[in-house]
Amino acid sequence: MLSWLDRLPWIWLLLLAAWMAIAPITPEPHLVEKLRLLVQGALVRPLDVFDLAMHATPLLLVALKLWRQWRVHRP
């Protein structure tokens, strides 16, 4: 089911994750802003929830790919 993730090159996934994590750089990255809103309990607008999902998804894909590779190569 997730074989497409295994075939996805690391470089593209890491570049996308880094770009989405820091975009836009000023005044503060959206990911930081939305996580702050989430911790404060102020993440209520649907657009903010979508924005958090959009900026966090590449990082979650990196974590999932790492977990899948660790699981396969585990002794």
Side-chain angles (χ1 to χ4, degrees):
M1 183 169 121
L2 291 175
S3 61
W4 63 270
L5 185 59
D6 298 332
R7 291 188 312 267
L8 191 63
W10 272 108
I11 188 69
W12 294 116
L13 187 57
L14 291 173
L15 286 173
L16 177 65
W19 177 43
M20 292 302 287
I22 65 169
I25 295 173
T26 57
E28 78 177 324
H30 279 318
L31 186 58
V32 172
E33 176 188 0
K34 302 311 177 196
L35 288 174
R36 185 173 34 79
L37 288 174
L38 181 64
V39 169
Q40 294 171 350
L43 191 71
V44 293
R45 293 183 2 191
L47 182 61
D48 291 335
V49 174
F50 172 75
D51 211 19
L52 174 62
M54 186 179 69
H55 285 272
T57 298
L59 292 172
L60 293 174
L61 289 175
V62 167
L64 183 59
K65 187 173 174 97
L66 277 172
W67 176 74
R68 287 177 59 84
Q69 284 195 349
W70 173 78
R71 195 180 58 148
V72 168
H73 296 295
R74 197 172 68 184

inquiry  = Measuring only between side-chain heavy atoms, which start at C-beta, is Leu37 closer than 4.5 Å to Val44?
reply    = no

ask   = Would you say the side chain of Val72 lies within less than 4.5 Å of the side chain of Trp67, judging by non-hydrogen atoms?
value = no

Shared hydrophobic cluster, [X] / [Y] (ILVMFWY, side-chain heavy atoms < 4.5 Å):
| X | Y | value |
| --- | --- | --- |
| Leu14 | Ile25 | no |
| Leu2 | Leu16 | no |
| Leu60 | Trp70 | no |
| Val32 | Leu59 | no |
| Val62 | Trp12 | no |

key: CH2 (Trp19) with more than 12 external heavy atoms under 6.0 Å   = no

task = Tell me, yes or no, whether the heavy-atom count around Arg45 atom CZ, taken from other residues, nucleotides or ligands under 6.0 Å, exceeds 12.
result = no

ask   = Under 3.5 Å, side chain of Lys65 to main-chain N/O of Leu8, donor-acceptor pair present?
value = yes

As an exercise, state the distance from [atom1] of [X] to [atom2] of [Y], rounded to the nearest 0.5 Å.
| X | Y | atom1 | atom2 | result |
| --- | --- | --- | --- | --- |
| His55 | His30 | NE2 | NE2 | 5.0 Å |
| Ile22 | Leu31 | CD1 | CG | 11.0 Å |
| Arg36 | Leu52 | CZ | CG | 12.5 Å |
| Leu15 | Ile11 | CG | CD1 | 4.5 Å |

Work out which heavy atom in [X] is nearest to a heavy atom in [Y]; give both atom names and the distance.
| X | Y | result |
| --- | --- | --- |
| Ala21 | Pro29 | O-CB, 3.5 Å |
| Met20 | Met54 | CE-O, 3.6 Å |
| Ala17 | Pro58 | CA-CB, 3.5 Å |

request  = May I ask you to decide whether Asp6 forms a salt bridge with Arg68, counting only side-chain N to carboxylate O separations under 4.0 Å?
outcome  = yes

